[in-house]
Number of protein chains: 2
Amino acid sequence: MSRTPPHPAREQIELPMVLDCLSDPIRLAIVYQLAQQEPVSSELCCGDFNGLSGKSNLTYHFAKLRECGLMLTRVAGTNRFMRLRREDLEARFPGLLDAVLKSAAKDADRLQLVAECDVVEAD
Amino acid sequence: MSRTPPHPAREQIELPMVLDCLSDPIRLAIVYQLAQQEPVSSELCCGDFNGLSGKSNLTYHFAKLRECGLMLTRVAGTNRFMRLRREDLEARFPGLLDAVLKSAAKDADRLQLVAECDVVEAD
DNA sequence: TCGATAGTTCAATAAACATTGAACATAGGG
DNA sequence: CCCTATGTTCAATGTTTATTGAACTATCGA
């Protein structure tokens, strides 16, 4: 449970896998939340997403997001911090992530995504 | 087999469904081919995609593309002509389709998409 | 060293998905 | 009017997917 999990290299990131990853509502919410938080801190840890589903289900979705190259996981003690691989995605698929995020933002209600300020947890 | 099949209204087009549709290599190839052909003629008929898979499998993928709002089917005699719903998609998700198409073009080899001039059929 | 916290792993399950071939429907040309 | 070309429908199949809970591992702080 200790070592950094494997990530694909930039050139290994595949378009169909990325689109498939983003097509799941829970994963889209994770990516969206990560993007929202970016101005404040570029990473969030697993627990910050507990509202979206159960822990073991989140582990499953985190793995998918990591394996398709959408995000990066950093292990720090008992926490795992994740952040978007913006640079790599922009290099591989220019404009794609932003277009998806903007589209998601437009439909935030419909997609039940958190509002900009709900990200701060309650305790 | 005669009447025009149902299409979702513009406002019913959902982001996750669109992304999921585009995440399948065959459907991505269909959309890509449709986009390539646009300058020449804005529509293609089912048979133009026979290289991608068997007919009944294509029917299945066409239905998905239609139901998620990516393309429009027009019935003309024994043919079905399809075209991209560019305007509707641009209105709902600005920049998204273009970003996907540009990304697909970059990876055309990897994705086994047809080159710009292979679209013309052989006979 | 103990206990709590954070997250993973595993097995089970139900649903959705892609693919196939055979049978069918429809329209148009000889 | 039949024959052919175009495309659909249906049922069967095997695969992948998302979700759950229980058991587990590792780290930190008291």
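Chain letters run A, B, ... following the sequence lines, proteins first, then strands; residues in each count from 1.
Two residues are said to be in side-chain contact when any heavy atoms from C-beta on lie closer than 4.5 Å; B:Leu15 and B:Leu96 meet this criterion. Looking only at side-chain heavy atoms (C-beta outward), A:Phe93 and A:Val18 come within less than 4.5 Å of each other. No side-chain heavy atom of A:Glu67 sits under 4.5 Å from any side-chain heavy atom of A:Cys21. In this structure, the side chains of A:Thr73 and A:His7 come closer than 4.5 Å at one or more pairs of heavy atoms. Side-chain contact between A:Ile13 and A:Arg85: present, with at least one pair of heavy atoms (C-beta onward) separated by less than 4.5 Å. Proximity of A:Ser53 to A:His61: side-chain heavy atoms (C-beta onward) are nowhere separated by under 4.5 Å. Counting only heavy atoms from C-beta outward, the side chains of B:Cys46 and B:Leu58 never approach each other to under 4.5 Å.
Rounding to whole angstrom units, CZ of residue B:Phe62 and P of C:dC17 are separated by 18 Å. Between B:Arg80 atom CZ and D:dT9 atom P there is a gap of 8 Å when expressed in whole angstrom units. Straight-line distance from the NZ atom of B:Lys55 to the P atom of C:dA25: 16 Å, rounded to whole Å. Rounded to whole Å, atom C1' of C:dA18 lies 18 Å from atom CZ of B:Phe49. To the nearest angstrom, P of C:dG7 lies 12 Å from CD1 of A:Ile30. Regarding B:Leu65, its CG atom lies at a distance of 16 Å from the C1' atom of D:dT8, rounded to whole Å. Going from atom CG of B:Leu22 over to atom P of C:dA18 covers 13 Å, rounded to whole Å. Note: CG (B:Asp48) to P (D:dG7) measures 8 Å, nearest angstrom.
Side-chain nitrogen and oxygen atoms of A:Asn79 include none within less than 4.0 Å of the OP1 or OP2 phosphate oxygen of D:dT27.
A:Arg74 meets the salt bridge (charged side-chain N to carboxylate O under 4.0 Å, His left out) test with A:Glu43; sequence neighbours excluded.
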Show the distances under 3.5 angstrom between N or O atoms of the protein and N or O atoms of nucleotides 28-30 of chain C.
none

Expected string for nucleotides 16-23 of chain D under the B/S/- scheme (protein heavy atoms, under 4.0 Å, primed atoms plus P, OP1, OP2 as sugar-phosphate) is -SBBBB--

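Two different hydrophobic clusters hold B:Phe81 and B:Leu84 under the rule that ILVMFWY side chains link at heavy-atom gaps under 4.5 Å.
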